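No experiment lies behind these values; they were computed from the predicted model shown. Position 1 is the first residue of the sequence; numbering continues from there.
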Amino acid sequence: MLTARSILGLLWSFLFLFVLFPCVQADEQTQLDQALNQKYDALDLRLFQDSIHHWQMKDGRTRNDARYQPEQIVHIAENLLRFQNEDGGWPTNLDWLAQIDPAEIIEIRGGTFGSSTFDNRNTYSQVAYLSQVYQATKLERYRASAERGLHYILQEQRASGGWCGKDVDAITYNDDVMTGVMRLLLQIKNKQPEFDWIKPTLRQDLITALEKGIRVTLHCQIVVEGKKTAWCQQHSHETLEPVNARTFELASICSSESAGIVRFLMELPNPSPEIIEAVDAAVAWLDEVKIEGIRVEQVEIEPVVFKHHTARQDRVVVADPDAPPIWTRYYEIGTNRPFFCNRDGVKVYSLAEVHLERRSGYGWYSTSPWTLISEEYPKWKDHLAAR
């Protein structure tokens with residue numbers, strides 16, 4: 001039997017659904033239309049460049065789509081909303097500035113946008129960008145999307161404390177998977193203004209996730225004959241030992257990923273003795289294995305179309321006594337011997353032995369550790385000494 005209270009409740013529900021709710025929707029649409037026509041300062045897009053580059057190398061290499069300008073932050077944010085997966089994460093290797101019908105992406109990719117992932121600086125980048133757009137516009141749609149992304153980050157953290165990429169279910173430092181997620185969580189912990197909207201309970205969950213990530217990173221540092229060195233691209237969730245990923249990504253000590261981990265650890269306020277020791281050891285290892293007297297030269301070639309990219313340049317190693325120090329991507333554990341690898345999983349010891357497809361489509365050398373060793377690390381040590 002309906003009571004007066006229940007009848008009143010039904011009438012209110014009817015009023016909201018058929019009278020007030022359309023007004024709320026119309027008001028939100030009006031605010032969105034105004035935001036789309038408003039001028040804003042451009043936001044940092046650097047974290048999106050990896051995904052954009054991979055789109056342009058493969059799925060988008062024969063297209064010429066119109067693109068939004070960096071200052072069109074609301075249009076770009078709407079793109080992010082269009083391509084967010086139901087689980088709260090984002091697929092990778094899309095041009096987030098391109099004006100593309102989502103149905104075209106689904107057709108290109110065989111019925112899907114692609115599964116959510118942190119690969120290629122992904123998902124945490126969308127959360128950060130949407131948080132900034134929310135601060136600029138106060139449109140609830142962007143806050144809600146960013147919050148869904150944060151919940152995806154929490155649900156994807158494994159019991160080990162690590163996050164994975166797409167290539168292997170392991171603690172992943174390749175493509176800044178671990179360091180990218182942890183840097184976002186550190187910014188949230190440090191209460192950067194764009195994350196003011198995060199509720200205290202969610203913020204604490206994210207801080208706890210950060211602490212677990214830092215802890216497992218410290219425990220993953222590779223020890224050789226009792227001496228700490230650096231890190232692999234991937235580590236086992238169970239043993240924390242280095243593991244293989246794709247066929248050409250063998251267990252090893254990795255220079256670029258290790259430099260990225262060190263940079264993140266140096267961002268931590270009031271580092272513990274354990275963190276300082278980890279940084280010192282990794283920098284010492286990077287300094288030990290640097291290579292001098294060579295550089296990598298790009299050589300123009302007739303284009304060769306491969307599945308994942310079109311090679312227009314080859315890479316060759318040339319002698320150059322004036323070149324700055326350089327590092328190979330992989331070093332053998334125990335010997336520190338630089339090596340390379342083909343898609344068949346066969347290890348080789350010179351870039352010339354790598355097939356053109358991988359030689360032109362993968363980063364086998366890096367100079368990024370040099371700035372860390374020569375500039376960033378000494379400044380960090382001076383800062384610690386002055387505390």
Side-chain angles (χ1 to χ4, degrees), residues 160-162 168 170-174 176-179 182 211-245 249-268 270-294 324-341 347-350 363-385 387:
S160 64
V168 62
I171 303 161
T172 303
Y173 296 97
N174 193 16
D176 292 336
V177 168
M178 283 288 291
T179 53
M182 291 192 294
E211 292 168 349
K212 291 179 180 178
I214 293 171
R215 183 164 60 248
V216 75
T217 295
L218 295 175
H219 291 165
C220 282
Q221 192 166 18
I222 299 167
V223 178
V224 176
E225 296 181 354
K227 183 179 179 180
K228 289 184 178 180
T229 60
W231 290 265
C232 185
Q233 287 181 332
Q234 305 84 204
H235 290 255
S236 164
H237 289 296
E238 289 74 31
T239 67
L240 308 188
E241 293 296 317
V243 295
N244 298 346
E249 295 174 323
L250 305 182
S252 57
I253 311 181
C254 302
S255 60
S256 293
E257 286 76 11
S258 294
I261 294 168
V262 169
R263 286 187 169 101
F264 169 75
L265 293 176
M266 293 195 307
E267 293 174 23
L268 298 175
N270 304 312
S272 66
E274 185 179 9
I275 290 171
I276 295 171
E277 180 186 14
V279 169
D280 290 343
V283 169
W285 180 84
L286 285 167
D287 188 50
E288 178 184 348
V289 300
K290 68 180 182 292
I291 302 167
E292 297 178 297
I294 64 168
I326 198 169
W327 285 258
T328 54
R329 190 163 192 152
Y330 300 131
Y331 291 82
E332 288 182 339
I333 299 172
T335 69
N336 287 339
R337 185 182 182 185
F339 73 88
F340 310 82
C341 198
K347 184 190 296 185
V348 295
Y349 293 96
S350 72
W364 293 106
Y365 281 93
S366 173
T367 58
S368 69
W370 180 236
T371 305
L372 170 67
I373 292 174
S374 61
E375 299 178 19
E376 298 165 39
Y377 174 69
K379 289 180 181 178
W380 182 73
K381 294 295 284 187
D382 288 343
H383 175 74
L384 292 181
R387 288 190 306 175

*Asks:* Starting at OG of Ser368, measure out to CD of Glu376 and round the result to the nearest 0.5 Å.
*Replies:* 9.0 Å

*Asks:* Indicate yes or no: at least one non-hydrogen side-chain atom of Val289 is less than 4.5 angstrom from one of Ser255.
*Replies:* no

*Asks:* Does Ile373 reach the side chain of Lys290, with side-chain heavy atoms less than 4.5 Å apart?
*Replies:* no

*Asks:* Would you compute the distance between atom CD of Glu274 and atom NE2 of His219 and round it to the nearest 0.5 angstrom?
*Replies:* 5.0 Å

*Asks:* Under the side chain to side chain contact (heavy atoms under 4.5 Å, CB included) rule, what do Trp285 and Ile222 come out as? Steps first, then yes or no, please.
*Replies:* CA-CA 11 Å; Trp285 180 84; Ile222 299 167; over 6 Å; no

*Asks:* Any side-chain to backbone donor/acceptor pair from Ser366 onto Trp327? Under 3.5 Å, distance only.
*Replies:* no

*Asks:* Under the 3.5 angstrom rule, does the side chain of Thr172 hit a backbone N or O of Asn174 as a donor-acceptor pair?
*Replies:* no

*Asks:* Could you go step by step and tell me if Met266 and Leu372 meet the side chain to side chain contact (heavy atoms under 4.5 Å, CB included) rule?
*Replies:* CA-CA 10 Å; Met266 293 195 307; Leu372 170 67; 3.4 Å; yes

*Asks:* Does NZ belonging to Lys347 count more than 12 external heavy atoms closer than 6.0 Å?
*Replies:* yes

*Asks:* Are any side-chain N or O atoms of Trp231 and backbone N or O atoms of Thr217, one a donor and one an acceptor, separated by less than 3.5 Å?
*Replies:* yes

*Asks:* Does any non-hydrogen side-chain atom of Thr371 lie less than 4.5 Å from one of Arg263?
*Replies:* yes

*Asks:* Can you tell if the side chain of Thr229 reaches within under 4.5 Å of the side chain of Tyr331, non-hydrogen atoms only?
*Replies:* no

*Asks:* Using modelled atom types only, decide if a donor and an acceptor are shared between the side chain of Ser252 and the backbone of Leu250 within a distance under 3.5 Å.
*Replies:* yes

*Asks:* Say whether, by atom type as modelled, one donor and one acceptor occur between the side chain of Gln233 and the main chain of Glu249 under 3.5 angstrom.
*Replies:* no

*Asks:* Could you report the tightest heavy-atom contact between Ile333 and Pro242, atom names first, then the distance?
*Replies:* CD1-CG, 3.8 Å

*Asks:* Step by step, would you call Ile276 with Lys381 a side chain to side chain contact (heavy atoms under 4.5 Å, CB included)?
*Replies:* CA-CA 9 Å; Ile276 295 171; Lys381 294 295 284 187; 4.2 Å; yes

*Asks:* Please work out which of the three classes, parallel, tilted or perpendicular, describes the rings of Phe339 and Tyr330, given edges at 30° and 60°.
*Replies:* parallel

